[in-house]
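In what follows, a structure is listed as structure tokens, so that the remarks can point back to it.
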Amino acid sequence: RLLTVTGVQTCALPIWRGHADPPIMESRSRFHDLGPGVVAATSFAIADVVGKVALIDGTDVLTLSTFRGVMSVVFMFIWLRLASPPAPCTPRQRWIALGIGVVFSGIVFGLFEAIARTTVAIGVLTYFAYPLLTGIVAALLGIEKLSIVGAAAALAAFFGLALTVGAHPQGVALAGIAFAIGAAGCRVIVLLTTRVFLPGVDARLTTWYSLLSSGAVFVVISLAKWHWQSPATAVGWIALLALSVATLIAVLLLFVSINRIGPFRSAVIMNLEPLLATLISAPALGEILSPLQMVGGAVMLAALVVFQLKR
């Protein structure tokens, strides 16, 4: 997921209170202001679920990541051609963004490996520990302060996550949890690197260079292994295409949301992704959480919002 994809998921969404969000004007409709962010979170959730559909149909994470990476580069290239040109960056900033893309490939692979090995809800919820980890690491490095309320919210969120994972009736594949945590760790690196080394760089350029290098990583690995595992049926191919389209819609609308209400409010709205992924995966995949897991997930998401507001 950079401000790019799921979760493309993304560099332009660091949650830093030092950058004030624009006020929401009373003359605008609430949907005009909040709608793009809500639709972006919904699209990311749909991408998570259809990715699992493609995996169930026989493709694997490397093939899915390669296909998604190539399609993302194509879509982003077209968008940059049609949109107003972004402000250029320096060669140093370009190399840093390309390096971020290499780390971003770890986010994509880790998240979908987690989804492949466990349920969509648990994989995405575990991955969404990244705002907590980002705030904690930033505080340890002296980049920003962590308040007592923020620390308490972080503990509550981790408790909710532990409750969700530990209460799974069939048990949880620990490897899936490990991949999700690894993806969250990569996201922390991406956000903090962007915060420290790429302040003020147009998010579209950061996303473009990151997509280029992350897509190249998957293409090179696939060619080196001479590996391509196609879906078994048309359903899987449709899911792969839906994954690419949903990711594109999510990224484009996330940029719109950031322009309208700012990165901080947009980041808070993105917390809808794990909730919506859970709701969508229930009828689509038959992945239903137990009541205790639902309580744990609700505690985590509520604490996550408090953490972002109060840290």
Side-chain angles (χ1 to χ4, degrees), residues 1-11 43-80 97-118 120 123-124 127 175-176 178-180 182-187 189-190 204 206-252 254 273 277 285:
R1 358 242 210 12
L2 298 170
L3 171 62
T4 56
V5 252
T6 312
V8 125
Q9 284 48 56
T10 61
C11 293
S43 298
F44 278 130
I46 291 173
D48 296 332
V49 175
V50 296
K52 181 64 174 278
V53 171
L55 293 168
I56 292 174
D57 197 60
T59 192
D60 63 1
V61 175
L62 178 57
T63 302
L64 180 149
S65 300
T66 303
F67 183 87
R68 174 186 172 281
V70 171
M71 296 301 293
S72 295
V73 169
V74 172
F75 288 148
M76 193 70 184
F77 176 81
I78 295 173
W79 182 36
L80 289 175
L98 289 169
I100 286 174
V102 176
V103 181
F104 177 64
S105 63
I107 298 176
V108 175
F109 189 85
L111 178 58
F112 281 105
E113 272 289 351
I115 289 174
R117 293 169 182 265
T118 184
V120 171
V124 176
Y127 167 71
F179 273 111
C186 290
R187 184 67 180 269
I189 295 173
V190 165
R204 292 174 296 171
T206 304
T207 302
W208 166 244
Y209 289 123
S210 299
L211 286 177
L212 274 179
S213 55
S214 63
V217 167
F218 291 122
V219 169
V220 168
I221 294 175
S222 295
L223 290 176
K225 299 180 66 175
W226 203 246
H227 178 86
W228 180 264
Q229 187 169 318
S230 300
T233 68
V235 172
W237 280 108
I238 293 173
L240 279 180
L241 290 173
L243 168 65
S244 302
V245 173
T247 295
L248 172 66
I249 293 172
V251 172
L252 295 181
L254 192 50
E273 181 187 343
L285 302 171

Whether [X] side chain and [Y] backbone form a donor-acceptor pair below 3.5 Å:
{"X": "D57", "Y": "T233", "answer": "yes"}
{"X": "T63", "Y": "Q229", "answer": "yes"}
{"X": "T118", "Y": "A114", "answer": "no"}

Mind checking whether [X] and [Y] have side chains closer than 4.5 Å, heavy atoms only?
{"X": "F109", "Y": "F179", "result": "yes"}
{"X": "I107", "Y": "Y127", "result": "yes"}
{"X": "S214", "Y": "V108", "result": "no"}
{"X": "F218", "Y": "R68", "result": "no"}
{"X": "T59", "Y": "W237", "result": "no"}
{"X": "T66", "Y": "H227", "result": "no"}

Point to revise | Worked verdict on D48 versus L111 for side-chain contact (heavy atoms from CB on, under 4.5 Å) | key: CA-CA 9 Å; D48 296 332; L111 178 58; 4.2 Å; yes
Point to revise | side chain to side chain contact (heavy atoms under 4.5 Å, CB included) against I189, all qualifying residues, sequence neighbours excluded | key: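 Here the qualifying residues are V103, T193.
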What distance separates [X] [atom1] from [Y] [atom2], expressed to the nearest 0.5 Å?
{"X": "L243", "Y": "I238", "atom1": "CG", "atom2": "CD1", "value": "13.5 Å"}
{"X": "S72", "Y": "L212", "atom1": "OG", "atom2": "CG", "value": "11.0 Å"}
{"X": "L254", "Y": "I249", "atom1": "CG", "atom2": "CD1", "value": "13.0 Å"}
{"X": "F75", "Y": "S244", "atom1": "CZ", "atom2": "OG", "value": "6.0 Å"}
{"X": "L55", "Y": "L64", "atom1": "CG", "atom2": "CG", "value": "5.5 Å"}
{"X": "L211", "Y": "F104", "atom1": "CG", "atom2": "CZ", "value": "6.0 Å"}

Looking only at heavy atoms, what is the nearest atom pair of [X] and [Y], with distance?
{"X": "V49", "Y": "A277", "value": "CG2-O, 3.9 Å"}
{"X": "A97", "Y": "S210", "value": "O-OG, 3.1 Å"}
{"X": "G101", "Y": "S213", "value": "CA-OG, 3.1 Å"}
{"X": "A54", "Y": "G236", "value": "CB-O, 3.9 Å"}
{"X": "G123", "Y": "A180", "value": "O-CB, 3.7 Å"}
{"X": "R204", "Y": "M76", "value": "O-CE, 3.5 Å"}

Check your understanding: According to the side chain to side chain donor-acceptor pair (under 3.5 Å) rule, which pairs have a member within residues 102-114, sequence neighbours left out?
Key ->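 Qualifying pairs: E113-R117.
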Practice item. Kindly assign one of parallel, tilted or perpendicular to the pair W208 and F77, based on the angle between their ring planes and the thresholds 30° and 60°. Key: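 If you compare the ring of W208 with that of F77, the planes turn out tilted.
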**Study point:** ring pair (Phe, Tyr, Trp, His ring centres under 6.0 Å) partners of W228, counting only residues at least two apart
**Key:**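 Here no residue qualifies.
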